[in-house]
**Student:** 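The structure follows.
Along the sequence shown, residues are numbered consecutively beginning with 1. Just so you know, ligand 1 is whichever comes first in the structure, and atom 1 is the first atom listed for that ligand.
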Amino acid sequence: MSEGLKIFKIGGGIIDDDAQLQRFLRELAQVPGRKILVHGGGKGASQMLRDLGQEPQMVQGRRITDAATLDIVTMFYAGKTNKQVVASLQAAGVNALGLSGADGNAIRAVRRPVKDIDYGFVGDLPADAVNVPLLRQLLETGLLPVFCAITHDGAGQLLNTNADTIASVLACALAPHYAVELHYCFEKDGVLRDVDDDASVIPQITAAEYQQLKAAGVIAAGMVPKLDNAFAALEAGVERVVIEHALRINEPVKTVLCRS
Ligand SMILES: Nc1ncnc2c1ncn2[C@@H]1O[C@H](COP(=O)(O)OP(=O)(O)O)[C@@H](O)[C@H]1O
Ligand SMILES: CC(=O)N[C@@H](CCC(=O)OP(=O)(O)O)C(=O)O
């Protein structure tokens, strides 16, 4: 049986609130075994763009990223956020290593082709995006890789890449080598039957139920691309996908996704 690997993804809502971020990182430090952390930070990046006089533009959950926006999000994701997360993990006794996709050629993306919309410097991740030998080496030396939402194209161009997708693609790439659990952590206890009722967590969702809940509008907004990525990971052989509260990763309340 393969050894375990847990991949955690945290989003902008947690990154933005320092007290919550520190609590999550302390909980993460308690999780035994091999771990990877992927962080977004879209909410804070949008605020930073506004502070600098630019209006953030999102289309279907992806940021339109022109050259000036890429500079700002790179500073925010790969700089301030990634380094602060790593420093906090070090303080919690975890040897974390901060990475963009360019570092060690860890994740190589392709610029999203222009169809109806030009997303600018946004990266999509092909199936072979992940440098699997590098990740295995890092994990086997006991390091905790911490990925931000910046990748590269291998020709010198940095690309802004959705963090939910990075987590899913890492999970898929490493699934042949480890028994991978993918944990999407955010500010609610799981997928809710009523988004305004925090107690309405759905404990299990199959792929077919997901399609029904999506069609009924019960699952909407940012949860849709998250669950699309999550079910893609299950299909690709990831053992377990969980949607849970970032402050309660060591507690049983959560949504577990099932293939059927
Ligand atoms: N059924 C649902 N259950 C939980 N959250 C939902 C649901 N439908 C829509 N959402 C929304 O999806 C959001 C999570 O997606 P997103 O904001 O993209 O997360 P993150 O920034 O952590 O990646 C929640 O904060 C919530 O507002
Ligand atoms: C291309 C694209 O949309 N990139 C995302 C990357 C950050 C992210 O995914 O952050 P959350 O997980 O907090 O949403 C963005 O700039 O918002």
Side-chain angles (χ1 to χ4, degrees), residues 8-17 20-21 24 37-50 54 56-66 68-78 80-82 85 100-101 107 109-112 117-125 147-151 158-169 182-203 205 209-210 212-230 243-247 253-255 257:
F8 291 87
K9 188 267 167 173
I10 50 168
I14 300 295
I15 297 277
D16 217 33
D17 179 331
Q20 289 211 31
L21 175 62
F24 165 77
L37 176 61
V38 180
H39 64 79
K43 202 171 153 195
S46 292
Q47 188 54 51
M48 183 167 276
L49 284 161
R50 279 189 212 97
Q54 293 191 39
Q57 270 186 284
M58 304 293 292
V59 176
Q60 289 171 352
R62 299 290 183 274
R63 189 181 305 280
I64 307 266
T65 307
D66 63 12
T69 303
L70 181 68
D71 281 351
I72 293 165
V73 298
T74 301
M75 287 189 262
F76 187 71
Y77 300 147
K80 180 182 190 295
T81 306
N82 191 262
V85 166
S100 76
I107 305 173
V110 290
R111 184 170 164 168
R112 179 170 283 208
I117 297 153
D118 182 358
Y119 281 88
F121 296 107
V122 163
D124 287 333
L125 300 178
F147 281 99
C148 67
I150 300 296
T151 61
L158 294 172
L159 294 167
N160 181 16
T161 304
N162 179 269
D164 286 345
T165 309
I166 291 180
S168 167
V169 168
L182 175 58
H183 294 248
Y184 283 109
C185 308
F186 71 135
E187 359 20 315
K188 298 184 187 295
D189 274 307
V191 180
L192 304 174
R193 197 165 288 286
D194 171 0
V195 79
D196 296 320
D197 177 3
D198 284 351
S200 67
V201 178
I202 309 173
I205 304 177
E209 284 165 350
Y210 169 49
Q212 287 164 7
L213 290 165
K214 189 161 68 166
V218 170
I219 295 175
M223 194 45 77
V224 171
K226 199 183 292 302
L227 291 191
D228 286 342
N229 278 302
I243 316 291
E244 64 192 346
H245 199 296
L247 302 184
V253 181
K254 48 198 73 201
T255 299
L257 304 185

**Student:** For atom 13 (O) of ligand 2, find the nearest protein heavy atom and state the residue, atom name and distance (0.1 Å precision).
**Tutor:** G12 N, 2.6 Å

**Student:** For ligand 1, which part of K9 has a heavy atom less than 4.0 Å away: the side chain, the backbone, both, or neither?
**Tutor:** side chain

**Student:** Number the atoms of ligand 2 from 1 as they appear, then name those within less than 4.0 Å of a heavy atom of K9, with their elements.
**Tutor:**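 Near K9, the atoms of ligand 2 are 11 (P), 12 (O).
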
**Student:** Nearest 0.5 Å, please: how far is CD1 in I64 from CG in D118?
**Tutor:**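 Rounded to the nearest 0.5 Å, the CG-CD1 separation comes out at 7.5 Å.
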
**Student:** Classify the contact between K226 and ligand 1 as side chain, backbone, both or neither, using a heavy-atom distance cut-off of under 4.0 Å.
**Tutor:** side chain

**Student:** As an exercise, state the distance from CG of N160 to CD1 of I72, rounded to the nearest 0.5 Å.
**Tutor:** 11.5 Å

**Student:** Quick test: of every protein heavy atom, which one is nearest to atom 7 (C) of ligand 1, and how far off is it to 0.1 Å?
**Tutor:**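 I find the closest protein heavy atom is V195 CG2, 3.6 Å.
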
**Student:** For atom 7 (C) of ligand 2, what's the nearest protein heavy-atom neighbour? Residue, atom name and distance, please.
**Tutor:** Y77 OH, 3.4 Å

**Student:** Taking 4.0 Å as the limit for heavy-atom contacts, which would you say applies to L192 with ligand 1: side chain only, backbone only, both, or neither?
**Tutor:** both

**Student:** When you measure from the heavy atoms of V73 to every atom of ligand 2, does any distance fall below 4.0 Å?
**Tutor:**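 No.
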
**Student:** Would the number of heavy atoms belonging to other residues, nucleotides or ligands and lying under 6.0 Å from CD of Q57 be above 12?
**Tutor:** no

**Student:** Backbone N or O of V224 within a donor-acceptor pair of the Y210 side chain at under 3.5 Å?
**Tutor:**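 Yes; at least one donor-acceptor contact below 3.5 Å.
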
**Student:** Which value, rounded to the nearest 0.5 Å, describes the distance between I15 atom CD1 and Y77 atom OH?
**Tutor:**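 These two atoms lie 10.0 Å from each other.
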
**Student:** In ligand 2, which numbered atoms sit nearer than 4.0 Å to a non-hydrogen atom of A149?
**Tutor:**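 So the atoms of ligand 2 that pass are 6 (C), 7 (C).
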
**Student:** Among protein heavy atoms, which sits nearest to atom 24 (C) of ligand 1, and what does the distance come to when rounded to 0.1 Å?
**Tutor:**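 Atom 24 (C) of ligand 1 sits closest to the protein heavy atom F186 CE1, 3.7 Å.
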
**Student:** Any idea which atoms of ligand 1 are less than 4.0 Å away from a heavy-atom of V191?
**Tutor:** 1 (N), 3 (N)

**Student:** Counting each atom of ligand 1 from 1 as listed, which ones have a heavy atom of G190 under 4.0 Å away?
**Tutor:**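 Per the distance check, 4 (C).
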
**Student:** Short list, please: which atoms of ligand 2 are under 4.0 Å from a heavy atom of G42?
**Tutor:** 10 (O), 11 (P), 13 (O), 17 (O)

**Student:** Could you check whether any heavy atom of G12 sits closer than 4.0 Å to an atom of ligand 1, since that is the contact criterion I want to use?
**Tutor:** yes

**Student:** Tell me, which protein residue and heavy-atom name are nearest atom 27 (O) of ligand 1, and how many Å apart are they?
**Tutor:**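 Nearest protein contact, heavy atoms only, for atom 27 (O) of ligand 1 is K188 CE, 4.2 Å.
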
**Student:** Atom 12 (O) of ligand 1: which protein heavy atom is closest, and how many Å away?
**Tutor:** M223 N, 3.5 Å

**Student:** Just jot down the salt bridge (charged side-chain N to carboxylate O under 4.0 Å, His left out) partners of D66, sequence neighbours excluded, or say none.
**Tutor:** none

**Student:** For ligand 2, which atoms sit closer than 4.0 Å to a heavy atom of G11?
**Tutor:** 12 (O), 13 (O)

**Student:** Examine ligand 1 and decide if any of its atoms is less than 4.0 Å from a heavy atom belonging to A220.
**Tutor:**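 Yes, that is the case, since the closest heavy atom of the residue is under 4.0 Å from the ligand.
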
**Student:** With a 4.5 Å limit on heavy-atom distance, are the side chains of T81 and F76 in contact?
**Tutor:**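 Yes, at least one pair of side-chain atoms sits under 4.5 Å.
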
**Student:** Ignoring hydrogens, tell whether any protein atom lies closer than 4.0 Å to atom 18 (O) of ligand 1; use the non-hydrogen atoms only.
**Tutor:** yes

**Student:** Could you list the atoms of ligand 2 found under 4.0 angstrom from a heavy atom of G61?
**Tutor:** 3 (O)

**Student:** Tell me the protein heavy atom at minimum distance from atom 8 (C) of ligand 2, and give that distance in Å.
**Tutor:**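 The protein heavy atom lying closest is G40 CA, 3.8 Å.
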
**Student:** Give yes or no for whether the N/O distance cutoff of 3.5 Å, strictly under, is met between V218 and ligand 1.
**Tutor:** yes

**Student:** Check whether Y119 forms a cation-pi arrangement with R112 (NZ or CZ under 6.0 Å from the six-membered ring centre, at most 45° off the ring normal).
**Tutor:** yes

**Student:** Contact between A163 and ligand 1, counting heavy atoms under 4.0 Å?
**Tutor:** no

**Student:** Among all protein heavy atoms, pick out the one at the shortest distance from atom 3 (O) of ligand 2; state its residue, atom name and that distance to 0.1 Å.
**Tutor:** R63 N, 2.8 Å

**Student:** At a 4.0 Å threshold, what atoms of ligand 2 neighbour a non-hydrogen atom of G41?
**Tutor:**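 Matching atoms, with element in brackets: 10 (O), 11 (P), 13 (O).
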
**Student:** Just how far is it from atom CD1 of I166 to atom CZ of F147, taken to the nearest 0.5 Å?
**Tutor:**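 Those atoms lie 8.0 Å apart.
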
**Student:** If you measure from CG on L247 to CD on Q20, what distance do you get to the nearest 0.5 Å?
**Tutor:**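 It comes to 4.5 Å.
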
**Student:** Do the side chains of D228 and K214 get close enough for a salt bridge, i.e. N-O under 4.0 angstrom?
**Tutor:**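 Salt bridge flag = yes for K214 with D228.
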
**Student:** Quick one: side chain to side chain donor-acceptor pair (under 3.5 Å) partners of T161, sequence neighbours excluded?
**Tutor:** T151

**Student:** How long is the gap from CD1 on I202 to CD1 on I219, to the nearest 0.5 Å?
**Tutor:**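 Nearest 0.5 Å value for the CD1-CD1 distance: 5.5 Å.
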
**Student:** Where is the nearest protein heavy atom to atom 1 (C) of ligand 2: which residue, which atom, and how far?
**Tutor:**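 Going atom by atom, the protein heavy atom closest to atom 1 (C) of ligand 2 ends up being N160 O, 3.6 Å.
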
**Student:** Looking at every non-hydrogen atom in both residues, tell me the closest pair between L213 and R193 and how far apart they are.
**Tutor:** CD2-NH1, 4.1 Å

**Student:** Return the minimal non-hydrogen interatomic distance between A45 and R63, and the atom names on each side.
**Tutor:** CB-NH2, 4.0 Å

**Student:** Only one of D124, I117, T165 forms a side chain to side chain contact (heavy atoms under 4.5 Å, CB included) with R62, so which one is it?
**Tutor:** T165

**Student:** What closest approach, in Å, do L192 and K188 show between heavy atoms, and which atom pair accounts for it?
**Tutor:** CD1-CD, 3.5 Å

**Student:** Could you find the nearest protein heavy atom to atom 16 (P) of ligand 1 and give me its residue, atom name and distance?
**Tutor:** G222 CA, 4.0 Å

**Student:** Please work out, at 4.0 Å between heavy atoms, whether the side chain, the backbone, both, or neither of T65 comes within that distance of ligand 2.
**Tutor:**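 Answer for T65: neither.
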
**Student:** Considering heavy atoms of the protein only, find what lies nearest to atom 9 (O) of ligand 2 and give residue, atom and distance to 0.1 Å.
**Tutor:**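 Ranked first by proximity to atom 9 (O) of ligand 2 is A163 N, 3.0 Å.
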
